[in-house]
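Everything numeric here is computed off the predicted structure, so don't read it as measured data.
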Amino acid sequence: MAAAKGEIHVNWEPVVPLGPELAFHTGCIIKNCLYLHGGITSQGSTNPSGKLHRLDLSQQIWEEVNASGSPTLSHHACIALNDRYILLIGGWNGKSRTGMLHAYDTAANSWLFPEQTGFPSDAGLSSHTANLMGDGSIMILGREGSRRTQRRTGNAYLLQGSIEKGFTFSEYSRSTTSRSGHSTHIIGSKLYVIGGRDDKLLEFQNGFSDGSIGPASSLKILKTLGKELKPMLKLPCGRRHHVSMFGPDLIFVHGGETFDGRNRDPVGEMFFVMLKPEITFYKLGDCQVKRAGHICFTDGEHVYIHGGITGKTSVCGDLLKIVL
């Protein structure tokens with residue numbers, strides 16, 4: 001893309017152009033393989049997929065993983081555990097929101113159903129986030145409500161336990177404002193929450209143990225650019241179903257659906273937030289990769305996105321890498 005005055009060149013480079021066409025799915029990396037689960041395959045669908053896909057990042061070949069017991073879910077969250085297990089948390093199962101846990105064992109190629117306690121029987125989770133903390137517990141933040149309604153609260157949960165012994169949900173007392181379709185990162189001792197409502201674009205809380213996932217090293221160039229670009233005079237509007245990734249003392253944000261009165265088509269806006277010495281927003285520009293409901297991940301160096309909705313109806317299947 002061409003850079004406007006005061007902006008820089010940012011490109012999304014295709015890594016694997018053709019892959020599973022999914023939106024509102026979830027995924028993670030285990031042993032240099034990207035795993036994708038669930039999601040929807042057409043815009044507006046309420047019937048989620050139960051498929052599990054794997055991409056060896058070194059060979060760049062997609063394959064469908066066949067293992068009985070895979071749940072049908074969308075708008076769920078996942079956590080990689082012990083570089084072996086994929087823990088799926090909540091989501092929409094085609095009939096209701098659920099707080100159920102499912103786990104896939106990448107070594108044994110089998111689905112597991114760990115024991116769980118503590119989650120309200122009349123509640124469910126969707127468009128929420130999950131972050132693994134340094135002490136092994138999982139912070140879950142986002143929409144919690146009746147399984148058949150869209151009631152929103154600011155509730156947050158701690159999930160503690162293990163695949164082998166089972167998990168326990170407990171309500172987290174310092175809940176943030178109500179969010180849905182947001183993104184979260186634990187950086188240092190702070191939990192940062194981006195989007196998911198029409199106001200309070202960025203919110204943070206102290207007192208968290210550092211997460212197990214480190215920053216994407218390729219984003220460190222943004223730290224240098226922050227000294228050259230002018231800070232945004234008008235902050236970005238609220239948005240949801242965007243993606244974000246953190247680098248050294250910063251958070252990069254792409255896409256989503258905005259709350260500023262524009263049409264509901266996904267946008268290609270990109271900006272980053274410097275966290276030190278004070279919170280400052282910088283615009284990177286608008287790109288032709290307009291997405292919502294996509295996923296974002298890092299291998300420790302590069303930042304990738306996969307899938308999502310573009311335009312009014314198209315569901316994408318490409319895997320892209322950001323080039324700054």
Side-chain angles (χ1 to χ4, degrees), residues 1-3 7-30 32-43 49 51-64 74 78 80 181 183 185 194-195 213 215-222 225 239-247 250-258 265-272 283-324:
M1 61 168 280
E7 298 174 356
I8 64 169
H9 288 278
V10 182
N11 292 301
W12 289 100
E13 178 182 284
V15 178
V16 185
L18 300 176
E21 296 176 349
L22 298 169
F24 303 107
H25 50 313
T26 192
C28 61
I29 294 179
I30 293 181
N32 203 43
C33 287
L34 170 63
Y35 289 86
L36 303 180
H37 180 269
I40 60 173
T41 57
S42 61
Q43 167 69 305
S49 168
K51 292 183 178 181
L52 178 67
H53 299 88
R54 176 173 57 215
L55 174 71
D56 186 320
L57 292 173
S58 60
Q59 298 180 0
Q60 299 184 358
I61 299 175
W62 282 107
E63 60 180 334
E64 186 177 334
S74 67
C78 81
S183 60
H185 301 285
I194 305 102
I213 299 176
S217 61
S218 64
L219 293 180
K220 65 183 179 182
I221 188 175
L222 295 180
L225 290 169
R239 62 203 57 222
R240 64 178 181 176
H241 304 315
H242 55 285
V243 295
S244 63
M245 183 56 64
F246 76 99
L250 60 90
I251 301 174
F252 164 81
V253 182
H254 169 261
E257 301 170 349
T258 60
D265 292 353
V267 300
E269 289 180 348
M270 296 179 293
F271 59 90
F272 69 98
K283 185 173 182 179
L284 289 172
D286 297 296
C287 69
Q288 295 302 310
V289 179
K290 304 177 187 296
R291 300 289 169 89
H294 46 327
I295 67 166
C296 182
F297 64 96
T298 180
D299 57 6
E301 180 180 2
H302 301 291
V303 175
Y304 303 85
I305 59 172
H306 173 271
I309 293 171
T310 189
K312 296 185 181 298
T313 59
S314 297
V315 177
C316 304
D318 50 352
L319 177 68
L320 306 173
K321 176 176 68 177
I322 192 170
V323 179
L324 299 170

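- Note that CG of Leu34 and CZ of Arg54 are 11.0 Å apart. Values are rounded to the nearest 0.5 Å.
- Closest heavy-atom contact between Gly38 and Leu22: O-CD2, 3.4 Å.
- Here side chain to side chain donor-acceptor pair (under 3.5 Å) pairs that include residues 295-304, with residues two or more places apart or in two chains, are Asp299-Tyr304.
- Here side chain to side chain donor-acceptor pair (under 3.5 Å) pairs that include residues 15-24, with residues two or more places apart or in two chains, number zero.
- Going from atom CG of Leu319 over to atom CG of Leu36 covers 8.5 Å, rounded to the nearest 0.5 Å.
- Checked by atom type and distance alone, the side chain of His254 never pairs as donor or acceptor with a backbone atom of Cys296 at under 3.5 Å.
- Considering only heavy atoms from C-beta on, Asp318 stays 4.5 Å or farther from Pro14 through its side chain.
- Side-chain atoms of Asn32 and Asp56, non-hydrogen and from C-beta on, do get closer than 4.5 Å to each other.
- Residues His37 and His25 come closest through the heavy atom pair O-CB, 3.4 Å.
- Between atom CD1 of residue Ile309 and atom CZ of residue Arg291 there is a gap of 11.0 Å, rounded to the nearest 0.5 Å.
- Nearest heavy atoms, Leu18 versus Trp62: O-CD1, 3.4 Å.
- Remark: the backbone N or O of Ile194 is paired with a side-chain donor or acceptor of His242 at under 3.5 angstrom.
- Shortest non-hydrogen contact noted between His294 and Gly256 is CE1-N, 4.3 Å.
- Interatomic distance, Ser218 OG to Phe252 CZ, rounded to the nearest 0.5 Å: 9.5 Å.
- A distance of 11.0 Å separates CG of Asn11 from CG of Leu320, quoted to the nearest 0.5 Å.
- Judged purely by atom type and a 3.5 angstrom limit, Thr258 has no side-chain atom pairing as donor or acceptor with the backbone of Arg239.
- Nearest heavy atom pair, residue Gly311 against residue Asp265, reads O-OD1, 3.8 Å.
- At least one side-chain heavy atom of Asp286 sits less than 4.5 Å from a side-chain heavy atom of Glu269.
- Among all heavy-atom pairs drawn from Leu250 and Leu219, the shortest one is CD2-O, 3.7 Å.
- Looking at Leu284 and Leu222, their side chains come closer than 4.5 Å, going by heavy atoms from C-beta outward.
- Residues forming a salt bridge (Lys or Arg N to Asp or Glu O under 4.0 Å) with Lys321 (at least two apart in sequence, or on another chain): Glu13.
- Rounded to the nearest 0.5 Å, atoms CH2 (Trp12) and CD (Gln288) are 14.0 Å apart.
- Val289 is listed as a side-chain neighbour of Ile305, based on a closest heavy-atom distance under 4.5 Å.
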